[in-house]
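Here is the structure we will look at, set down as C-alpha cells.
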Amino acid sequence: MTSTSASGQGADYAATSSEAYQAALRVIESVEPRIADATRKELADQRSSLKLIASENYASPAVLLTMGTWFSDKYAEGTVGHRFYAACQNVDTVEALAAEHARELFGAPYAYAQPHSGIDANLVAYWAILATRVEAPGLAELGAKHVNDLSEADWETLRAKMGNQRLLGMSLDTGGHLTHGFRPNISGKMFHQRQYGTDPVTGFLDYDAVASAAREFKPLVLVAGYSAYPRRVNFAKMREIADEVGATLMVDMAHFAGLVAGKVFTGDEDPVPHAHVVTTTTHKSLRGPRGGLVLATEEFAPAVDKGCPMVLGGPLSHVMAAKAVALAEARQPEFRTYAQAVADNAQSLADGFVKRDGALVTGGTDNHLVLLDVTSFGLTGRQAESALLDSGIVTNRNAIPADPNGAWYTSGIRFGSPALTTRGFGADEFDRVAELVVEVLSNTQPAAGPNGPSKAKYTLADGTAERVRAAAAELLDANPLYPGLTL
Ligand code: DSN
C-alpha cells in the first residue's frame, strides 16, 4: 500500500488480517453460506471497479475487524458514566476514547461519538439547538426546571414555540443535503425552512445572498455544508452571518471531514473553530466505519450528550470502537498526506474533464468532488450512471443547479476522489479515469422506451464497455485493494 492508504498497513498486517477474514468467513459459511458468498463477492466487485462515489471509501482492516465483536451485544443507553444499563464499563472506555480522539483530531471542546449515521447526527444537533436555545429559556420563563413540571397548557405553549422555529440551509439542487431543510425531509417539516442557493451564473456560493436571506428570514439555525458542492466554504463568513441575525451556525462536514482532519481545510475553511455545532459521518473522506459524530461548543455539549435516547436508539458500541480506531489512524501524519492527495486528485480529475470539453458545475473543484453536467453529452444523469456502471465505473447521478431533469433522473454525475486515492491512485491515474469516463459518455446515446422518449434508456456503442473495463483493470491491478488479503 502507498502512503495514502491507512497507516500501519504492511505485509504482516495484510497477511494477519487475511487469516482473520478467512476464519470469519468459514464460521459464517457454516451457518448461512449465501452471506459468506455475498461477502466474498462484494470484495471482488469493489476490487474490480473504479469506485468514484464521493461519499464512499475503503476503511482499513483494523477498522473493519473492530466492528465484528461482542461489543455488538451490549446495550448502553445514556452516555459515558451515566447509563440506563449495568455493566457498561468497557463501553464507557470505547465511547470515551472515540470522543477523545475526535476532540484531539479536530480541536473541538466536545465530541459525541454515538450517532449511527450523518442524518442521526444532524437530528441530534437540531434537537440540541432547540433544547439549548428555545426549550431551556422557555422553561426558565415559565419558572420550571423540567418539562414534567409544566402544566398541560404551559407544555403546549412551549411545544408550540419549539415547533415554530426557522432553519436556513443550502438547497438540494445546489449541493445541500436532504437534512438541510429540504421540505420532503423531516428537517423541512420540523422547522419553517428556507433554502439558499448558489450564483446562477458561476455556481459559486454567494455569501451576500445568504446574508440577505438570513436578515429577512431570521433563522434559529443557519446550516452550512454540502454533499455535492465542488468548492470550499468560508465558515468564518457564515459565522458572521449567523451572529448578525442571532442564529446558531451548524456545519455538516460529512463530506469533507477528512480534508479538515488532514489539515487541507484550515483557517476560515475549517468549520470547527467557527460553528456552534459540527456534524459529520465517519465513513466518507474520514475513512472510518459507517456512522456519525457531533462536535460542539461547551454551550451545546450538555444537550448533545442527551442524544440517546432523546433521538437515537441504543449506541452501537462495536461501531464506536471502530470510530476510535479510525480516528486514531486519522491522527497519524500519513493521513495528512492522504487528505492532500484526495484534493490534488479531484483537481486532476476535474482538469481531465475540462480539457476533454466536459462541462463542470462551477468550472472545476477545490475539494474532493467533481460534478459533471452530462447534458452536454445529450444524456440524463440516470442514463450516464448506468452506462458508466456497465463499463465498471461506479458513480452516482446527482442533481445540478436548477436541474431540468429533477432530483430522480438528474442531469449530473458526481465523482469523488477519496476511495481511489486510498487505493493509491495519483494525478495521472485520475486523468486517465477522466478519459475513460468521457469515452463511455461519448459512446452512449439516449434511447426510447416502449412508450416513447425515456430518461432512463440508453444504448452503449458495441465494444465500449469491454474496452473501458480492460483499461480500468490495468489501473486497478496496479493499485490493488487490500493487497495480501486473500479469501
Ligand atoms: N449519502 C450521502 C452522499 O452520498 O452524499 C449523503 O447522505
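Every heavy atom of this structure was used, including side-chain atoms; hydrogens, water molecules and symmetry mates were not.
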* Donor-acceptor side-chain pairing of T266 and K263 below 3.5 angstrom -> no

* Asked: Do the side chains of Y196 and L168 get nearer than 4.5 Å, heavy atoms only?
  -> yes

* Is a side-chain donor-acceptor pair under 3.5 Å present for Y226 with N367? -> yes

* **Between Y21 and Y482, ring centroids under 6.0 Å** => no

* Asked: Within the distance-only criterion (no hydrogens, no angle test), does the side chain of E100 pair as donor or acceptor with the backbone N or O of E95 below 3.5 angstrom?
  -> no

* Asked: Under 3.5 Å, side chain of R47 to main-chain N/O of P480, donor-acceptor pair present?
  -> no

* Taking atom types as modelled, find out whether N396 and R414 have a side-chain donor-acceptor pair closer than 3.5 angstrom. => yes

* Sub-3.5 Å donor-acceptor pair from the side chain of D270 to the main-chain atoms of F265, do we have one? -> no

* Is there a side-chain contact between P315 and M320, using heavy atoms and a 4.5 Å cut-off? -> yes

* Under the side chain to side chain donor-acceptor pair (under 3.5 Å) rule, what do T421 and N345 come out as? Steps first, then yes or no, please. => CA-CA 7 Å; T421 301; N345 286 339; 2.9 Å; yes

* Asked: Between the main-chain N or O of T486 and the side-chain N or O of Q22, is there a donor-acceptor pair closer than 3.5 Å?
  -> yes

* Asked: Do T444 side-chain atoms and L460 backbone N/O form a donor-acceptor pair below 3.5 Å?
  -> no

* Would you indicate whether the side-chain heavy atoms of P115 and V294 approach each other to under 4.5 Å? => yes

* To do: Answer yes when R34 and E29 have at least one side-chain N-carboxylate O distance shorter than 4.0 Å, and no when they do not.
  => no

* With the side chain counted from C-beta on, respond yes when T422 and Y338 share a heavy-atom pair under 4.5 Å apart, and no when they do not. => yes

* Taking it one step at a time, do S117 and R290 satisfy side chain to side chain contact (heavy atoms under 4.5 Å, CB included)? -> CA-CA 7 Å; S117 68; R290 303 199 73 75; over 6 Å; no

* Check: H101 main-chain N/O paired with E104 side-chain donor or acceptor under 3.5 Å -> no

* Is it the case that N57 and H283 place a side-chain donor and acceptor less than 3.5 Å from each other? -> no

* Taking H274 for its side chain and G267 for its backbone only, find out whether a donor-acceptor pair lies under 3.5 Å. => yes

* **Sequence-distant partners of R432, side chain to side chain donor-acceptor pair (under 3.5 Å), two or more places apart** => E435

* Sub-4.5 Å side-chain heavy-atom contact between W70 and N90 -> no

* To do: Go through the steps for E385 and T410 under the test side chain to side chain donor-acceptor pair (under 3.5 Å), then give the verdict.
  => CA-CA 10 Å; E385 178 193 272; T410 83; over 6 Å; no

* Student check: side-chain heavy atoms of T464 and V468 closer than 4.5 Å -> yes

* Aromatic plane relationship, H276 with F300 - under 30° parallel, 30 to 60° tilted, over 60° perpendicular -> perpendicular

* Listed partners of N234 passing side chain to side chain contact (heavy atoms under 4.5 Å, CB included), at least two apart -> Y207, A236, K237, D268

* Asked: Does some side-chain heavy atom of L369 sit less than 4.5 Å from a side-chain heavy atom of F256?
  -> no

* Within a radius of less than 6.0 Å around CD1 of I186, do more than 12 heavy atoms belonging to other residues, nucleotides or ligands occur? -> no

* **NZ/K74: more than 12 non-hydrogen atoms of other groups inside 6.0 Å** => yes

* T279: partners by side chain to side chain donor-acceptor pair (under 3.5 Å), with sequence neighbours left out -> N122

* pair P418-E56: side-chain heavy atoms closer than 4.5 Å -> no

* Do E334 and T337 get their side chains close enough for a donor-acceptor pair, meaning under 3.5 Å? -> no

* Asked: Taking NZ, NE, NH1 and NH2 as the nitrogens, is one of them in D431 or K355 under 4.0 Å from a carboxylate oxygen of the other?
  -> yes

* Any donor-acceptor pair under 3.5 Å from S391 side chain to I393 backbone -> no

* Residues, nucleotides or ligands: over 12 heavy atoms within 6.0 Å of D73 CG -> yes

